[in-house]
Amino acid sequence: MYQLYYCRGKASLTPHMLLEELGIPFELVNVDVKNNQHKSAEYLALNPVGKIPLLTDGETVISETAAICLYLSDKNPDCNFGPLVGSPQRGEFYQWLFYLTSTLQTELMTYFMPQKYSECGKAEIREQACKNIADTLDLIDNRLRRNRQEGKGPYFLGQDCTVVDLFILMLARWTRDMPYPARARPDFGEYLPRIAYRPEVQRAFATEKIDAPFY
């Protein structure tokens, strides 16, 4: 059985939602980040990086949200949470998944933890990160608008909900208390409920005791 080491509302939320969507048996293992359990010897033996999430599948141990999601979607191809390997759509799937993790998620982490980059000028770092986040969210909103205008389907890559949609929802949720959250953009505002109110996503939220607003 899969084991997902998670912390409420953190980067483990996307693989948690995906496991619910895939409908496969899994066990959640809560990691108390506030009390530095992710830095304990026991956890570091599994994940030397000391971050959340972590997935175990028998002897296989995988960290990093995007890597976990790729692993799970590839092991369960019939569930259609990622285009088939070798298909024309697969490249676009990779492109957006890695854009989200390397660009938007990185900027959000800078916004929430500017002290990691400098004890001086934290306000300036946060202000620049906020601008960069807004630019990235605008880009995604423009893509959603183009999808709608061209009739490409209700989800980010077309007709099927994929890992990209779940990842976008998680990151959009992190912006919910920012001055200009993702939901304030017109196409984002229409798109996010479509993902957030899927029964499997709601089940993940309920398990993690995540209440509305969900994004």
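Position 1 is the first residue of the sequence; numbering continues from there.
Tyr94 and Phe98 have tilted rings, their planes meeting at an angle from 30° to 60° on a 0 to 90° scale.
Side chains of Ile68 and Ser63 form no contact here, defined as non-hydrogen atoms less than 4.5 Å apart. Proximity of Asp187 to Asn147: side-chain heavy atoms (C-beta onward) are nowhere separated by under 4.5 Å.
Through direct or relayed side-chain contacts under 4.5 Å between Ile, Leu, Val, Met, Phe, Trp and Tyr, Tyr43 connects to Tyr5, Val29, Val31, Val33, Leu46, Ile52, Leu54, Val61.
To the nearest 0.5 Å, atoms CG (Leu100) and CG (Leu166) are separated by 11.0 Å. For the atom pair CD1 (Ile195) and CE (Met170), the distance works out to 14.0 Å, reported to the nearest 0.5 Å. If you take CZ on Arg145 and CD on Glu190, they are separated by 11.0 Å, rounding to the nearest 0.5 Å. To the nearest 0.5 Å, the span separating OG1 on Thr56 from CE on Met1 amounts to 10.5 Å. Summarising the geometry, atom CD belonging to Glu42 is positioned 5.5 Å from atom OG belonging to Ser40; distances are rounded to the nearest 0.5 Å. Distance check: Leu19 CG to Leu55 CG gives 6.5 Å after rounding to the nearest 0.5 Å.
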Quick one, Glu107 with Met109, criterion side-chain contact (heavy atoms from CB on, under 4.5 Å). Give me CA distance, side-chain angles, the key distance, then yes/no.
CA-CA 5 Å; Glu107 292 292 351; Met109 297 305 292; over 6 Å; no

Evaluate side-chain contact (heavy atoms from CB on, under 4.5 Å) for Glu20 paired with Met17, printing each intermediate quantity in order.
CA-CA 5 Å; Glu20 292 285 4; Met17 292 187 289; 5.7 Å; no

Does the pair Gln202 and Tyr197 meet the rule for a side-chain contact (heavy atoms from CB on, under 4.5 Å), with working shown?
CA-CA 6 Å; Gln202 285 290 300; Tyr197 287 95; 3.9 Å; yes

Report the C-alpha distance between Arg143 and Trp96 in whole Å, list the side-chain angles of each, state the deciding distance to 0.1 Å, and finish with yes or no for side-chain contact (heavy atoms from CB on, under 4.5 Å).
CA-CA 11 Å; Arg143 166 61 187 258; Trp96 283 104; 3.2 Å; yes

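The shortest non-hydrogen separation linking Phe205 to Leu169 is CZ-CD2, 4.1 Å. Nearest approach of Ala172 to Ala182, heavy atoms of both residues: CB-CB, 3.8 Å. When every heavy atom of Ala11 is checked against every heavy atom of Gln105, the shortest pair comes out as CB-NE2, 3.8 Å. Closest heavy-atom contact between Gly50 and Leu44: CA-CD2, 3.6 Å. Across Thr65 and Pro53, no two heavy atoms sit closer than the pair OG1-CD, 3.3 Å. Among all heavy-atom pairs drawn from Asn76 and Leu72, the shortest one is ND2-O, 2.8 Å.
Counting heavy atoms of neighbouring residues, nucleotides and ligands inside a 6.0 Å radius, atom NZ of Lys39 exceeds 12 of them. Around the CD atom of Glu27, the shell of radius 6.0 Å holds more than 12 heavy atoms that belong to other residues, nucleotides or ligands. Around atom CD of Glu64, no more than 12 heavy atoms belonging to other residues, nucleotides or ligands sit under 6.0 Å away.
Under a 3.5 Å cut-off, the side chain of Arg126 and the backbone N or O of Pro114 do not form any donor-acceptor pair. Thr101 places no side-chain N or O within 3.5 Å of a backbone atom of Leu97 that could act as its donor or acceptor partner.
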Donor-acceptor pairs are to be reported for all side-chain atoms of residues 208-215 against protein atoms at under 3.5 Å, with residues two or more places apart or in another chain.
residue: Glu208; atom: OE1; partner: Gly9; partner atom: N; Å: 2.8
residue: Glu208; atom: OE2; partner: His16; partner atom: ND1; Å: 2.6

Using atom types as modelled, flag every donor-acceptor pair under 3.5 Å from a side chain in residues 151-164 to any protein atom, sequence neighbours excluded.
residue: Lys152; atom: NZ; partner: Glu150; partner atom: OE1; Å: 3.1
residue: Tyr155; atom: OH; partner: Arg198; partner atom: NH1; Å: 2.9
residue: Thr162; atom: OG1; partner: Val164; partner atom: N; Å: 3.2

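Relative to the six-membered ring of Phe188, Arg183 misses at least one condition, a distance below 6.0 Å or an angle of at most 45° to the axis.
Partners of Trp174 by ring-ring contact (aromatic ring centres under 6.0 Å, His included), not counting sequence neighbours: none found. Residues meeting the salt bridge (charged side-chain N to carboxylate O under 4.0 Å, His left out) test with Lys75, sequence neighbours left out: Asp57. For Asn36, there are no side chain to side chain donor-acceptor pair (under 3.5 Å) partners at least two apart in sequence or on another chain.
Both Ile24 and Tyr71 belong to a single network of hydrophobic side chains, linked directly or stepwise wherever heavy atoms of I, L, V, M, F, W or Y lie under 4.5 Å apart. Cluster annotation: Phe112 and Ile133 are assigned to the same hydrophobic cluster (Ile/Leu/Val/Met/Phe/Trp/Tyr, side-chain heavy-atom contacts under 4.5 Å, transitive). Linking ILVMFWY residues whenever their side-chain heavy atoms come closer than 4.5 Å, directly or via other members, places Leu139 and Tyr111 in the same cluster. By the rule that hydrophobic residues join a cluster once side-chain heavy atoms approach within less than 4.5 Å of another member, Leu171 and Met113 end up as members of one cluster.
For the 3.5 Å distance criterion, the side chains of Asn142 and Arg146 fail to qualify, holding no donor opposite an acceptor.
Salt-bridge formation is detected for the pair Arg90/Asp74: a Lys NZ or Arg NE/NH1/NH2 atom is positioned less than 4.0 Å from an Asp or Glu carboxylate oxygen.
The only member of Pro83, Cys79, Pro77 that meets side chain to side chain contact (heavy atoms under 4.5 Å, CB included) when paired with Phe81 is Cys79. Exactly one of Ile140, Asn132, Ile168, Thr175 qualifies for a side chain to side chain contact (heavy atoms under 4.5 Å, CB included) with Leu104. That residue is Ile140.
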